[in-house]
Each structure stands twice: as C-alpha cells, then as structure tokens.
Amino acid sequence: INDDRIQFIVRDITTRKQAVSESEDYIEQLMILRQIDEELSEMLNIERVLALALDAGMRLSGANSGFIGLMEDGNLRINQAVGHYSDAVPGVSPLDSPLVMRLVRDQKPRLIEDITREHDYVTLNTKTRALMLIPLMSYERMIGILNLETNVPERFTQETFDFIRLITARAAVAIENAQLYEIAQDQLAQLQDLYAQVSALEKIKTDMIRIAAHDLRNPVGVIVGYTELLEHDLEEIMSKKRAKYLSAIQNAAARMEKITTDILSLERIEKIQLQQGDRVNLSDLLTEVFKDHEGQANAKNQRYMINLPLKSMIVHGDDAQLREAMSNLINNAIK
C-alpha cells in the first residue's frame, strides 16, 4: 500500500468517525428534547416551568448566568434568573440593555460569540464573553425572552445555539399553557367565590321570605277570623256599601293567606326533598295559636281556656303544618 492509499484510508476512517459522532450527538439531542418535552408536559405550575426551562438552557449551553423574562401588559419582567447581574453595575437592570430592547422589538434570536465587539452590550458582568438572546415564541406571539451568558466563548457554538432554540420553542408552549392554566384557576376561584356569594344571598332571600310568610300567617288568620265574626254579627244591620267593604277585606286577607300558604308549601316540599324537619315544641306552638284566636272567642262570649302539661312536648315535624292543623281545629270550635 503506497502513501496515497494510506492517506485515503485515514481520511475515510476520519470521515466515518465524524459521521458516527455527529449521529450520536444528534440522537443524544433528540433524547434530551424528548425528556424535556415529557417533563414540561407534566407541569402546569408557571414557576416550575420557568425554572426547568432556564436550568435546561444553562446546563446544555454551558452558560454561567442567565435569565428568563416574560411579557406582562406590554412590558418585560424577569421571572427567573441565575447569576449576579446587578453586582457589576449597581442600579442597572439587564432589561436596560439595548440588545434586549432590540430583541423585544425585532423578535429575532441572536448569538454573539464575542461580546467585546458588540457596542450595544451593557456590561453587567465583566467576565461575560459570549451571549445568547432568544425570544420565546408561541403561535407567532412573543411571550418572553431567554438570555444566556458565558465566560468561555467556545461553549456558545452555532450548533449549541440552534439546539437551545429548539428547547426554547418547547418551553414557550409549556409556559403559555401554564399561564392559561393559571388564568383558568383564577377564574374558577372567582366563579366559586361568586357562586358562594350568590348562594348566601339566595339563602338570605329565602329565609326572609320564609320568616315573612310565617310572621304574616298569624295576623292574616286573625284578620280572616274577625271579618267572619263581623260578617256574622252585623249581617242584619250592615248596609250593602259596608258589606262590600268587608267583602273586599275578606278577599284581600284570603289572597294573603293563600300566598303565605303557597310559600310555606314550597318550603315544606324543599324540606321533604332534603329530608329535613324541625324540632317543634308543641306547648309553645299551641300557646301562640291559642292567643291568636282568643279575641275571636271573647267576641262570641265563649269560654276559652288552655290546659297544657308543665313539661315541654318536643316533636320532630313541620312547624307550619302543625300550626295550621291547630288553627283549623280552634277555628272550627269557635265557629
């Protein structure tokens, strides 16, 4: 084998080794991307997504410092950072850099392999030698930026830059998903608070209607009872005009009595559906009903008495229906 043949074989082996090495690097990159995709897809917490994205960018690029900033109401704000950006120049923010401002405006990624030749770079760290600035794009909309800096410029190659861009594309989608989830959770919490407020107001309204119906029932019953007595006692001497007035009072009282009965009937239906009931003291309830009809009995000169045991008589039942039953019995007896 002559020298030319040996050189050809060596070149061929070298080329093959380079191809194998590139193939292995490509496969490794695909595996890394797959792992990052799996981890990002499982996260909906915005802080964890940002931390993972920045950590992946730092480790895979060999950066010494970096930050992720997100757009909020048209302004860029740093959400995650690694490194000492403010130590070199107190009071200067990395967001004040013309490079960052240009990226926000143009939305074009940049790899600066030698930062000393970049006039727009604001020195935040004197050891920085190379810089990556990559917009986080989701559905053609910039939602933030990734900034990476290194002290060793050889680490920031074009291949590394292209690979980090692939990572940021996946991170941008995960970040927007996390933001949407956060918004959805906030809206859900607001809806739950609103539902609780509406439910509380609905309960107050229902309670007020129920209390009003209970409170109106007794005086309306008294009105009905007394108008019946007036009609009976004054039937022979009352003029047609006054009889008409009395009839109007009776009709209005009857309508009110029907309304209160309907309201309490709805309440009873709800209680039956919910299998709820009241603890009712029959002694107290009968005493109240007795007093409501005392005037009617006295007006007819009837002997009207109540005789109850000293002990309370507690039952589990419907207060309104028990009151109605007692009232009907007493009304019938008076009549």
Side-chain angles (χ1 to χ4, degrees), residues 11-40 49-70 76 78 80-83 85 94-95 97-175:
R11 284 197 299 270
D12 184 59
I13 292 173
T14 302
T15 303
R16 288 173 183 270
K17 283 188 175 181
Q18 287 177 346
V20 171
S21 177
E22 290 175 0
S23 177
E24 289 175 349
D25 290 343
Y26 180 69
I27 292 172
E28 184 181 2
Q29 287 183 352
L30 288 178
M31 292 177 66
I32 292 171
L33 285 175
R34 179 181 176 182
Q35 182 181 357
I36 291 173
D37 276 340
E38 289 177 353
E39 292 182 13
L40 288 173
V49 172
L50 292 172
L52 175 62
L54 180 58
D55 180 67
M58 293 281 294
R59 286 190 294 106
L60 297 172
S61 68
N64 299 104
S65 57
F67 71 82
I68 282 184
L70 296 182
L76 188 65
I78 293 178
Q80 294 277 346
V82 176
Y85 293 97
L95 301 181
S97 168
L99 292 175
V100 174
M101 296 178 183
R102 188 191 306 169
L103 179 72
V104 172
R105 184 179 66 252
D106 299 340
Q107 301 180 7
K108 295 180 179 179
R110 290 197 65 189
L111 168 61
I112 303 174
E113 298 179 3
D114 186 357
I115 205 69
T116 59
R117 298 181 181 178
E118 185 62 49
H119 301 297
D120 287 340
Y121 177 69
V122 175
T123 303
L124 299 170
N125 191 329
T126 56
K127 296 181 179 180
T128 295
R129 290 293 176 270
L131 178 72
M132 288 185 191
L133 273 172
I134 305 173
L136 299 171
M137 306 296 296
S138 180
Y139 303 103
E140 299 182 357
R141 184 175 66 89
M142 193 178 85
I143 62 173
I145 68 168
L146 172 66
N147 178 93
L148 299 174
E149 300 180 22
T150 182
N151 305 338
V152 184
E154 293 79 12
R155 294 175 181 172
F156 281 13
T157 63
Q158 185 63 44
E159 291 77 12
T160 303
F161 179 63
D162 292 339
F163 184 52
I164 297 300
R165 288 180 62 187
L166 292 175
I167 293 174
T168 55
R170 287 157 171 77
V173 174
I175 289 168

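Just so it is clear, the model here is predicted, and its values are computed rather than measured.
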Approximate separation, where rounding is to 0.5 Å, of [X] [atom1] and [Y] [atom2]:
{"X": "Ile143", "Y": "Ser138", "atom1": "CD1", "atom2": "OG", "answer": "5.0 Å"}
{"X": "Phe163", "Y": "Thr157", "atom1": "CZ", "atom2": "OG1", "answer": "11.5 Å"}
{"X": "Thr168", "Y": "Met132", "atom1": "OG1", "atom2": "CE", "answer": "10.5 Å"}
{"X": "Leu50", "Y": "Leu146", "atom1": "CG", "atom2": "CG", "answer": "10.5 Å"}
{"X": "Leu111", "Y": "Asp162", "atom1": "CG", "atom2": "CG", "answer": "8.5 Å"}
{"X": "Arg155", "Y": "Thr150", "atom1": "CZ", "atom2": "OG1", "answer": "4.5 Å"}

If every non-hydrogen atom of [X] is compared with every non-hydrogen atom of [Y], which pair is closest and at what distance?
{"X": "Thr160", "Y": "Leu60", "result": "CG2-O, 3.9 Å"}
{"X": "Ser61", "Y": "Leu148", "result": "OG-CD1, 3.6 Å"}
{"X": "Pro135", "Y": "Lys108", "result": "CD-C, 4.2 Å"}
{"X": "Phe156", "Y": "Glu113", "result": "O-CG, 4.0 Å"}
{"X": "Ile167", "Y": "Ala56", "result": "CG2-CB, 4.5 Å"}
{"X": "Ala171", "Y": "Ala53", "result": "CB-CB, 3.7 Å"}

Backbone of Leu166 reached by a side-chain donor or acceptor of Arg170 within 3.5 Å: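 Side chain of Arg170 to backbone of Leu166: a pair is present.
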What do the steps show when you test Asn64 against Lys127 for side chain to side chain contact (heavy atoms under 4.5 Å, CB included), and what is the final call? CA-CA 10 Å; Asn64 299 104; Lys127 296 181 179 180; over 6 Å; no
Could you go through the side chain to side chain contact (heavy atoms under 4.5 Å, CB included) check for Ile68 and Leu136 one step at a time? CA-CA 9 Å; Ile68 282 184; Leu136 299 171; 4.1 Å; yes
